[in-house]
Participant: 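First the structure, which I've put down as structure tokens, then a few questions once you've had a look.
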2 protein chains.
Amino acid sequence: MNQETKYNPYVSVDCVVFGFDGEKLKVLLNERNIKEKHEWYNDKKLPGSLLLKDEDLDDAAIRILNERTGLKNIYLSQFHSFGNPQRTKNPRDILWLENMTKLKIERIVTVGYVALIKIKRKIQVLADNTELNWYDLKDVKRMRLAFDHAEIIQKGLEHIRHNLNIEPYLFFELLPRKFTISQLRILHDTVHQVHSDVRNFQKKVTQMPYVIALDELEKKVPHRAARLYKFERKNLGMSKM
Amino acid sequence: MNQETKYNPYVSVDCVVFGFDGEKLKVLLNERNIKEKHEWYNDKKLPGSLLLKDEDLDDAAIRILNERTGLKNIYLSQFHSFGNPQRTKNPRDILWLENMTKLKIERIVTVGYVALIKIKRKIQVLADNTELNWYDLKDVKRMRLAFDHAEIIQKGLEHIRHNLNIEPYLFFELLPRKFTISQLRILHDTVHQVHSDVRNFQKKVTQMPYVIALDELEKKVPHRAARLYKFERKNLGMSKM
DNA sequence: ACAAAAGTGTTTGGAGTACACCCATGA
DNA sequence: TCATGGGTGTACTCCAAACACTTTTGT
């Protein structure tokens, strides 16, 4: 298929993909290396793409994640659209875009999605020249980012904080299938920037009908092994949440 | 300016404008009359427009509301974007669009905004052939609507319910400058589809530092006159909200 | 005088918060 | 045996919810 007909050159989708490594929140970013005169310019960008000509927004987000990571069945949620005309006026970004797409680019409105993924899921690096890596969310503030991707990440973070507050079962999208209550607590405290009381947290979690204790303990930890729990989606309806 | 250069034919903004008449939630819709063969086809649509070529999304929403109603300083909030390719495939909608814009229309992604306005603010009907009217939100479900505007209204309603829950001071965007606690309660109960206890509601409202009792009563009511209150925006910071 | 809505306090249950010690495991 | 984190119960506070009668005003 001819590139001319494949993409809609006015609308794109960008995905802010969050992960959790047990200590810190991470974001998935593409390396971007641009040859300029005699130097390489290097920065990072969100996984994203122009819409295909007859593609729905949600489908585009699913496609992007699948193309880049090989993963399917990822929690995805649209959170905001960005249409500042200046967002696609940096000559470096324009050149890069026109080079990638072989299209004349005027200005692009982008629709932001957040995704939550279990960081242990192996990301299948694809055979293009872009490298996809996890970065500490804290460090991202200090990185060079393409377009307005710093702003998109910030808004995505606020959105996911908000969502994790009103739908706490979304935490389980970020944890391994079997997890300890400590892991859940550290994740919770990291996201909401609080320090929960261990006993109160334990109490609250064990009251949730959708958190099920397993007959299984952690292994090979240099201290008393913690009990493992799992998330039971079908019990979600049993709670107010 | 030539139409060819004025609009971005791929992205639009639609506004779901809510009002409250003291009893019911209302939505602002444009009449749309289309001459077809020997009959007139009649339906309703949200106030909306294609983006201008170098216009930000928020600016487009502000422009649309100002063009249609003459109003400024309206509470506006982006809530969701709609990009189903089928949303602009109805031949009637395409013809109407191409007729209005004089542009070739392929498919349009639209960004939805909600607005809250005091229904008493006089809406200045403009000199085009479209009539703008308030409709009961309940009745809208049974009306013929252009494009996917029924879906957009539904999502907008959910968004505004959610927002009014976490930022209850937004209720004052819908009430007159001076209001009674009953008016606020009826609005609250309408939006959230509950029946609040009168005493508990009174207690809660009078505790809000940003709701100020006035030395003034209702007039010409066939029963005991209620005290009037006003909203004091600068006291917002004094509460947790 | 009557119809209609305004205004007002107390009690109860549940949820959140604060707080300190013993237990199990690997090194 | 020690270092590390796991696991547990009680008391207090605060907020939400339930509940009924008297007051004011226009007709």
Side-chain angles (χ1 to χ4, degrees), chain A residues 20-24 164-169 171 175-176 178-230 238-241, chain B residues 21-24 164-168 171 175-176 178-230 238-241:
Chain A
F20 180 66
D21 67 356
E23 292 191 356
K24 290 176 170 175
L164 285 166
N165 211 12
I166 58 175
E167 305 177 319
Y169 53 86
F171 280 121
L175 291 173
K178 300 176 182 180
F179 55 88
T180 67
I181 294 188
S182 284
Q183 287 176 312
L184 176 56
R185 180 169 44 78
I186 291 166
L187 171 58
H188 168 277
D189 287 4
T190 304
V191 168
H192 291 124
Q193 303 185 109
V194 292
H195 283 280
S196 300
D197 178 85
V198 179
R199 279 175 286 190
N200 293 335
F201 193 84
Q202 189 99 6
K203 203 187 312 173
K204 199 164 59 180
V205 169
T206 51
Q207 279 170 342
M208 296 175 174
Y210 50 87
V211 177
I212 309 291
L214 298 172
D215 255 341
E216 202 174 337
L217 301 180
E218 278 185 307
K219 280 171 187 152
K220 298 177 188 170
V221 286
H223 52 75
R224 177 173 173 182
R227 177 173 295 277
L228 292 171
Y229 291 77
K230 68 171 179 176
M238 295 167 58
S239 67
K240 277 167 282 179
M241 195 40 70
Chain B
D21 68 356
E23 291 190 356
K24 289 177 170 171
L164 286 165
N165 211 11
I166 58 175
E167 305 177 318
F171 279 122
L175 290 173
K178 300 176 182 180
F179 55 88
T180 67
I181 294 188
S182 282
Q183 287 177 311
L184 176 55
R185 179 170 43 79
I186 290 166
L187 171 57
H188 169 276
D189 288 4
T190 304
V191 168
H192 291 122
Q193 303 186 109
V194 293
H195 284 280
S196 300
D197 179 86
V198 179
R199 279 173 289 189
N200 292 334
F201 194 85
Q202 189 101 5
K203 205 185 311 173
K204 199 164 59 180
V205 169
T206 51
Q207 279 170 342
M208 296 174 173
Y210 49 87
V211 177
I212 309 292
L214 298 171
D215 254 342
E216 205 174 334
L217 301 182
E218 278 184 306
K219 281 172 185 151
K220 297 178 189 165
V221 284
H223 53 74
R224 177 172 173 182
R227 177 173 294 277
L228 292 172
Y229 290 77
K230 67 172 180 177
M238 295 167 59
S239 68
K240 277 167 284 180
M241 196 40 73

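Numbers restart at 1 for each chain; the letters A, B, ... are given by sequence-line order, proteins then strands.
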Participant: Could you tell me the separation between the CZ atom of R185(A) and the C1' atom of dT8(D), rounded to a whole number of Å?
Facilitator: 14 Å
Participant: Would you mind classifying the nucleic acid contact of S182(B) as base, sugar-phosphate or nothing, using non-hydrogen atoms under 4.0 angstrom?
Facilitator: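 Sugar-phosphate contact only.
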Participant: Rounding to a whole Å, what distance do you find between Q183(A):CD and dG7(D):P?
Facilitator: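 Distance, rounded to whole Å: 11 Å.
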Participant: Rounded to the nearest 0.5 Å, how far does OH of Y229(A) lie from CG of L184(A)?
Facilitator: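 That separation rounds to 10.5 Å.
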Participant: Whole angstrom is fine here: how far is it from NZ in K219(B) over to P in dT24(D)?
Facilitator: 19 Å
Participant: Is there a side-chain polar atom (N or O) of Q202(B) under 4.0 Å from OP1 or OP2 of dA6(C)?
Facilitator: no
Participant: Using 0.5 Å steps for rounding, measure from the OG1 atom of T180(A) to the CG atom of L175(A).
Facilitator: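 Here the interatomic distance stands at 8.5 Å.
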Participant: Could you run through nucleotides 16-26 of chain C and give me one letter per nucleotide, 5' to 3': B if any protein heavy atom sits under 4.0 Å from the base, S if only the sugar-phosphate is that close, - if neither?
Facilitator: -BBBB--BBBS
Participant: Report the relative orientation of the aromatic rings in F171(B) and H188(B); use parallel for angles under 30°, tilted for 30 to 60°, perpendicular for over 60°.
Facilitator: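 Geometry flag for H188(B) against F171(B): tilted rings.
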Participant: Return the value, rounded to whole Å, for the distance between atom CE of M208(A) and atom C1' of dA15(C).
Facilitator: 13 Å
Participant: Just the rounded figure in Å: distance from C1' of dG7(D) to CG of L184(A).
Facilitator: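 Answer to the nearest Å: 16 Å.
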Participant: Show me the donor-acceptor pairs, under 3.5 Å and distance only, between side chains in residues 215-222 of chain A and residues at least two apart or in other chains.
Facilitator:
residue : atom : partner : partner atom : Å
E216(A) : OE1  : K178(A) : NZ           : 2.9
E216(A) : OE2  : K178(A) : NZ           : 3.1
E218(A) : OE1  : A226(A) : N            : 2.9

Participant: Roughly how far, to the nearest 0.5 Å, is CG of L187(A) from CZ of F20(A)?
Facilitator: 4.5 Å
Participant: Rounded to whole Å, how long is the line connecting atom CZ of F201(B) with atom P of dC15(D)?
Facilitator: 17 Å
Participant: Output all residues satisfying salt bridge (charged side-chain N to carboxylate O under 4.0 Å, His left out) with D21(B), sequence neighbours left out; order by chain, then residue number.
Facilitator: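 Residues passing salt bridge (charged side-chain N to carboxylate O under 4.0 Å, His left out) with D21(B): K26(B).
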